[in-house]
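Numbering of ligands and ligand atoms starts at 1, following listing order.
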Amino acid sequence: MWRLLVRSCSSSSSRQHKQQQQRLAAAVGSRCYTIGGTTEGGSQKKHEELQARLPPFVPKPEPVTIVHKQGMELLHDPWYNKGKWSMVPTVSSTAFPHSERERMGVRGLLPPRTTTLQLQEDRIMAAYKHGVVLVKPEDVATGGVTSEMARKWKVLQDLQNRNETLFYKLLLDNFAEMAPIIYTPTVGWVCSNYHNLYRRPRGMFFSSYDKDHMAAMVYNWPQDDVHAIVVTDGSRILGLGDLGINGMGIPCGKLDLYSAAAGFHPSKVLPCVIDVGTNNAALRADPLYCGLDQPRITGPAYYELVDEFVNAVMARWPNAVLQFEDFQMAHALTLLQRYRDHHLVFNDDIQGTAAVALAGLYGGLRVLGKPQEALAEQRIVCVGAGSAGMGVVRQIAAGMVKRGGLTPEAAASKFWVLDAQGLVTQYRPGLPGYVSRFARPTSCSVAEEGDGLLDVVRKVRPTVLLGLAGAGKLFTTEVLSAMGQHCERPIIFPMSNPTSKMECTSQEAISVTGGRCVFASGSPQPSVELDGKTYVAGQANNLYIFPGLALGAHIGKTKIVTDNMLMAAAEILPQLISDKDVAAGLVYPSLEDIRLLSAEIAAAVIKTAAADGHVCDEAAAAVAAGHVQLLDWVRGHMFTPTYSSLAYLPPGIKE
Ligand SMILES: O=C([O-])CC(=O)C(=O)O
Ligand SMILES: [Mg+2]
């Protein structure tokens, strides 16, 4: 009897192996052979016989595709692109091994979480069946975004992917109409649904998984010259809370405005997200979510990651302005203080919102026929003691000191700050320093610790009511009507975003006060018809400030962003409102003039930085030449969307 000896391959239980054995047994009948070994007499012959009867060995081709592209070029090639790539090897990962993104130079160019071809198919199938843009009733409720706005967003998004020049031309020519579509409030809906809407990546994705790699991975970005970076960690997206990596919609939307409003070249801006996990359980459980499936990292490990990010981007792009956006309060102020004295950074929610609020109050005073000095006479109630709220209070107090000649203590006494527990007084244990300065003294206070908004308004009789709590309808009919009872022309700014988080609508404020209030809101609001008169609502949004501020800081090479620069932006903006708009009750200039406004803000910022001695020589010379020349110099740096002729440079030939 011949014995069959077949060398076992790696797993004897594998189906393939069993099939091979069966085929082999069928081929040799009941006789057995030893393959490739020395056996009894005649073995050589038998072996040859077997060889002749075995099916021929056909080598299985390795499933490898040879690619002559890497990085962004590869991702933009529909043939090689696979959508989200696996960065984190997980048990369920059927996508790409970790090494592949290194090999193909795409680390950081894609969201971290793995996906599969099947999941991608499911997502497209859902869009195929139910429509590409999914606006659910809860989206309308939480974001104030209608299907019509989402449809328009989709049109613009597709255009941006096809033709950026045309996209920016369109945006510039229709800025007031389209800003709410590419930015607040539609951007809130985009972030909430980023995992469903995701089609192609934009910007860079850093995650805790990239620790110790960031300095190298920034070189995967295909642009040597970056002028502006906006970064979020997704922890406090507008008033919508922790949206994890979905927050990437915010840096994208903000940088669209950098290009449209301030003329930053679209190829030279970089949206970034730092994914340290999310505490949003629903998102993490969603198979389409693209971020890390872990709770947020906090404490020293968090700051180490952000430090690494800041060092990496600043090392590669030392001339870029870095804007921090939508970080939760616990980290926002600490990060700002950590970098602001030696890096070209600012926090838009703290500083940009603060400057725009102060600008709006100066605008409001213009509407009331009062000079900026009259700021010191106001009694201000601010609802919201988060990063935005306290930044606003601090900036207005600084304005009272500068314009109204008050001491810092006298300025602080003009404010009543409320948070979720009511009026903040010095009774509160453990108040952080930035809040305690504005906590009401307990001894001589009219209103008391924990008083609700209505009580505070009735007792204090404020002239200004600011909403920055991100908690929705806090300016009730009673509150608005109390504002109107004690004050002839109350200034009412519900500044929270998006629309659904605003403290009241234009309709509510204007109708309850009988059209007497001076109104502006964080998200855009419609005009209101009352007794045959039309009241136009202004938009108290930092979009007026951050593009021009960043432009001034970048081209002036100011090295840091100072309080004086922010103050300059806040002071110039109300001077740019036309007399006609002031007469119509508008506290901000028209958004249609956004390019001019940004140029004026940049010029004001550069002048102030020059006076403080930190601008480059070229900017100093432009300042010395006079305002018109400075404005020309600033505008000369702004990108205009037009077609230019293209020239081909073969690879290897230097420009
Ligand atoms: O994005 C906006 O519209 C304003 C802003 O920074 C915020 O609400 O966080
Ligand atoms: Mg923000």
Side-chain angles (χ1 to χ4, degrees), residues 142-145 149 153 175-176 178-192 194 229-243 246-258 260-261 271-274 322-329 331-333 335-336 345-357 359-360 382-384 386-392 395 466-472 493-503 520-525 537-550 566 569 588 591 594:
T142 58
V145 174
M149 291 160 88
W153 172 82
F175 190 78
M178 290 180 180
I181 305 298
I182 57 152
Y183 179 65
T184 308
T186 312
V187 73
W189 166 80
V190 172
C191 290
S192 304
Y194 183 84
I229 300 169
V230 177
V231 65
T232 186
D233 69 355
S235 54
R236 192 236 77 186
I237 294 300
L238 305 171
L240 302 172
D242 181 355
L243 293 184
N246 278 17
M248 184 51 143
I250 292 289
C252 292
K254 295 269 174 187
L255 286 167
D256 288 347
L257 294 195
Y258 266 65
C272 290
V273 64
I274 306 175
L322 175 58
Q323 172 175 328
F324 284 88
E325 191 70 45
D326 290 5
F327 283 70
Q328 71 192 81
M329 179 63 172
H331 294 140
L333 206 63
L335 290 173
L336 179 62
V345 301
F346 69 100
N347 179 302
D348 180 45
D349 301 296
I350 300 174
Q351 297 167 294
T353 309
V356 90
C382 176
V383 187
S387 52
M390 294 322 296
V392 163
Q395 185 83 33
L466 304 174
L468 290 131
F493 291 175
M495 291 181 70
S496 294
N497 294 309
T499 317
S500 59
K501 301 291 171 185
M502 273 171 27
E503 288 73 14
S521 52
S523 295
Q525 281 287 280
Q539 193 181 348
N541 190 290
N542 43 24
L543 94 161
Y544 275 109
I545 299 286
F546 66 78
L549 172 70
L566 281 145
Y588 294 102
L591 274 182
I594 191 70

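- Heavy atoms only, all atoms of each residue included: A261 and F175 are closest at CB-CZ, 4.3 Å.
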Pair E503-V383, side-chain contact (heavy atoms from CB on, under 4.5 Å): steps then yes or no: CA-CA 9 Å; E503 288 73 14; V383 187; 5.5 Å; no

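- Within a radius of less than 2.8 Å around the Mg ion (ligand 2), the protein N, O or S atoms are E325 OE2, D326 OD1, D349 OD1.
- The nearest protein atom to atom 3 (O) of ligand 1, hydrogens excluded, is given as T184 OG1, 2.3 Å; this is a heavy-atom distance.
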Intermediate values then yes/no, side-chain contact (heavy atoms from CB on, under 4.5 Å), Q323 and L549: CA-CA 11 Å; Q323 172 175 328; L549 172 70; over 6 Å; no

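- If you look at M495 next to ligand 1, there are no close heavy atoms at all, none under 4.0 Å.
- Set against the non-hydrogen atoms of D348, the atoms of ligand 1 under 4.0 Å away are 6 (O).
- Note that the CD1 atom of I250 and the CG atom of L255 stand 11.0 Å from one another [nearest 0.5 Å].
- The structure places CE of M495 at 8.0 Å from CG of N497, a figure rounded to the nearest 0.5 Å.
- Per-residue contacts place L238 under 4.0 angstrom from the following atoms of ligand 1 (heavy atoms of the residue considered): 1 (O), 2 (C), 7 (C), 8 (O), 9 (O).
- Counting heavy atoms under 4.0 Å from ligand 1, residue I250 does not touch it at all.
- Using a 4.0 Å cut-off to heavy atoms of K254, the atoms of ligand 1 that qualify are 1 (O), 2 (C), 4 (C), 5 (C), 6 (O).
- Atoms CD1 and CD, from I229 and E325 in turn, are 14.5 Å apart once rounded to the nearest 0.5 Å.
- Counting only heavy atoms of the protein, atom 9 (O) of ligand 1 lies nearest to R236 NH2, 2.5 Å.
- Taking every non-hydrogen atom of Y183 and a distance limit under 4.0 Å, the qualifying atoms of ligand 1 come out as 1 (O), 2 (C), 3 (O), 4 (C).
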Derivation and outcome, side-chain contact (heavy atoms from CB on, under 4.5 Å), residues N541 and V356: CA-CA 7 Å; N541 190 290; V356 90; 5.8 Å; no

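- Each of the following atoms of ligand 1 lies closer than 4.0 Å to a heavy atom of D349: 5 (C), 6 (O), 7 (C), 9 (O).
- Applying the ring-ring contact (aromatic ring centres under 6.0 Å, His included) criterion to F546, with sequence neighbours excluded, gives Y258.
- Nearest heavy-atom pair, P271 versus P251, reported as atom, atom and distance to 0.1 Å: CB-CB, 3.7 Å.
- Pairing each heavy atom of A388 with each of T353, the nearest pair is CB-CG2, 4.4 Å.
- Heavy atoms of D326 found under 4.0 angstrom from ligand 1 belong exclusively to the side chain.
- Nearest protein neighbour of atom 8 (O) of ligand 1, counting heavy atoms only, is N497 ND2, 2.9 Å.
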Derivation of the side-chain contact (heavy atoms from CB on, under 4.5 Å) call for V273 and N246: CA-CA 9 Å; V273 64; N246 278 17; over 6 Å; no

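- In this pair, W153 and W189 present their aromatic rings perpendicular. The plane angle is above 60°, beyond the 30 to 60° band.
- If you look at N541 next to ligand 1, the close heavy atoms, those under 4.0 Å, all belong to the side chain.
- Here N542 has side-chain heavy atoms under 4.0 Å from ligand 1, and that is the only part of it that gets that close.
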